[in-house]
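Only heavy atoms go into these numbers, but all of them, side chains included; no hydrogens, no water, no symmetry mates. Residue numbers start from 1 in every chain, and the chains themselves are labelled A, B, ... in the order their sequence lines are given, proteins ahead of strands.
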There are 4 protein chains.
Amino acid sequence: MTFEETCERIAKFTSDRDWDQFHTPENLAKSISIEAGELLECFQWGPDADEEHLKEELADVMNYCIQMAQKKGFDICEILNSKIDKNAIKYPIEKSKGSSAKYDSL
Amino acid sequence: MTFEETCERIAKFTSDRDWDQFHTPENLAKSISIEAGELLECFQWGPDADEEHLKEELADVMNYCIQMAQKKGFDICEILNSKIDKNAIKYPIEKSKGSSAKYDSL
Amino acid sequence: MTFEETCERIAKFTSDRDWDQFHTPENLAKSISIEAGELLECFQWGPDADEEHLKEELADVMNYCIQMAQKKGFDICEILNSKIDKNAIKYPIEKSKGSSAKYDSL
Amino acid sequence: MTFEETCERIAKFTSDRDWDQFHTPENLAKSISIEAGELLECFQWGPDADEEHLKEELADVMNYCIQMAQKKGFDICEILNSKIDKNAIKYPIEKSKGSSAKYDSL
C-alpha cells in the first residue's frame, strides 16, 4: 500500500467510527504528546527497546500526526519540505557538521 | 515531491551533517517527545493555534518519526497498516461508533 | 521559605495576574507536558545537562503540578503518600530489588 | 506527614529497592515526560478527568520531580522561589494581568 492509500485508510477508520467529533486539532495535539510518551517509555531505563512494541508506538504517533494534517488540510510532503528548507538555512553544512549544538549556539 | 523522495531528503540532510552519531533510537524518541510538547504548546491556553507555527511543529514531530523508522529499518506504511489492523480488532465499528471510550471500557 | 509558603506564593502569583481563568485542570495538564518536554530537552543528545537550565525547567514542571493540586483541592503530601503506598504493594522489596522491570513483568 | 518527611520516604523507597542505579538524571527526565503524558491522557478527549486517576498520575509526575531534585542535590523550595522571582520580572502584574500572552509578546 502506498503512503497516500495508507492515509486514506486512516481517514476512513475515523469516519467509519464517527470519531471526527473527538478529533479536534487540540485533542489530536494532546494525543500526539500522549503517544510520544508511550514511545519514550520503550526507552525509559535504557537504549534497548522491544522492537515490536516500538513499531506500534511509533505507528500511533504517526497516525495522529497524519490525522492532524488531514484535519487542518495540510499537505504532509509540503510541510515537511518547507521545514527542511528552513532547517537548511539554520544549520548550514559547514557550520553544523558533526555538531549537536542548537542553531543559536553554532 | 513524493513521500518517498521527502524521506530520502530527510536522510540526506542528516548524513550531510554527520548527525547520524547523535540520532540513536533513544535520542530520537526523546526528540519526538520534545517536539510533541512544542506542538502542544500551540494549544496551551485554548483551541486556536497559529497555523504557520502549527505546520512547523507538526513537521518537526513527523521528521523525527521518519528518522526513527529509517534508523530502525521500519517500513512506515507497513507499521501504520499493521497497527490499523490491530486497532480494527480492538475497536469494532458497531461497538465504538460515536464513542471515545478506550477499548477496555467498550 | 517552607514548602507550604512557597505553594502560597505560587497561588498569589497566579491570582495577582488574574490567570485563574486560563489555568483549568486541562490547560495545566497540557502545561505540565509542555514543560516536561523542555526539561527533557536538557538531555536531548546525552546525559550532561546544563545545571542552571535544568533547575529552571524542573521548577516549571513542579510549579504547574502544584497549581494543578491547588486547583483540584488535592493535598500534595496525601496524594504522594497514597501513591507510595500503592507502589509498595506493586513493587515488594524482595521481588523488585535491583530490577527495573515493570510490576506486571516481575 | 510533612513535605520533607514525604520526600525522605520517596528516597527510602528507591534505596530500599536498589533503584538508584536506574535513576540517572536523564532517565528521570524521561520518566517525568512519560508520566506527564499519562496525566494528560486523563484529559485526552475533554476537560473532565476521573479524580482518583488524576491524583495518581499527578503524584507520579511529582514523585519523579522530587527524585530529580534529590539526585541533583537541588533544594526544591529554592529552585521554585528562584524561578518565581524570574517570572515576576518577565511577567510584571500591570502588563500581564488577564492576558495569557507569552512574555515576548506582552
| task | Can you tell which part of D:Ala49 gets under 4.5 Å to a heavy atom of chain C, answering side chain, backbone, both or neither? | result | neither
| message | Quick check for you: among C:Cys7, C:Ser82, C:Gly46, which has the greatest number of heavy-atom pairs under 4.5 Å with chain D? | response | C:Gly46
| field | C:Lys71 vs C:Thr24 side-chain heavy atoms within contact, under 4.5 Å | value | no
| request: Identify which of C:Asp18, C:Ile10, C:Ile84 forms the greatest number of heavy-atom pairs closer than 4.5 Å to chain D. | output: C:Ile84
| Do you know which of C:Pro92, C:Cys77, C:Cys42 has the most heavy-atom pairs with chain D at a distance under 4.5 angstrom? | C:Cys77
| task | Could you tell me which portion of C:Glu35 (side chain, backbone, both or neither) has an atom closer than 4.5 angstrom to a non-hydrogen atom of chain D? | result | neither
| Where at least one partner belongs to residues 88-102 of chain D, residue pairs that pass salt bridge (Lys or Arg N to Asp or Glu O under 4.0 Å), sequence neighbours excluded | B:Glu41-D:Lys102
| task | Below 4.5 Å from any heavy atom of chain C, which atoms of D:Asn27 appear? Answer side chain, backbone, both or neither. | result | neither
| Proximity breakdown for D:Phe3 and chain C, heavy-atom pairs closer than 4.5 Å | both
| task | Would you please name every residue forming a side-chain contact (heavy atoms from CB on, under 4.5 Å) with D:Glu5, sequence neighbours left out? | result | D:Met1, D:Thr2
| query | Measuring from C:Phe13:CZ to D:Ser96:OG, what's the distance to the nearest 0.5 Å? | reply | 6.5 Å
| query | Hey, what do you get for CE (D:Met68) to CE (C:Met62), rounding to the nearest 0.5 Å? | reply | 11.0 Å
| remark: Under 4.5 Å to a heavy atom of chain C? For D:Ile76 that would be side chain
| query | Is the closest side-chain heavy-atom distance between C:Val61 and C:Glu38 below 4.5 Å? | reply | no
| task | Please flag which part of C:Asn87 lies under 4.5 Å from any non-hydrogen atom of chain D: side chain, backbone, both or neither. | result | both
| query | Mind checking whether C:Ile32 and C:Cys65 have side chains closer than 4.5 Å, heavy atoms only? | reply | yes
| remark: Looking only at C:Leu28, C:Asp60, C:Leu58, C:Leu40, most heavy-atom pairs under 4.5 Å shared with chain D are made by C:Leu58
| message | Using heavy-atom distances under 4.5 Å, tell me whether D:Glu56 contacts chain C through its side chain, its backbone, both, or neither. | response | both
| Contact part of D:Lys30 toward chain C, heavy-atom cut-off under 4.5 Å: side chain, backbone, both or neither? | both
| Quick one: what part of D:Ser33 sits under 4.5 Å from any heavy atom of chain C, side chain, backbone, both or neither? | both
| message | Quick test of your reading of the model: are D:Asp16 and D:Arg9 salt-bridged, counting only N-O distances below 4.0 Å? | response | no
| said: I want to check something: taking the side chain as every heavy atom from C-beta on, are C:Leu54 and C:Phe43 in contact at a cut-off of under 4.5 Å? | reply: yes
| task | May I ask you to name which of D:Lys86, D:Glu57, D:Glu4 has the most heavy-atom pairs under 4.5 Å with chain C? | result | D:Lys86
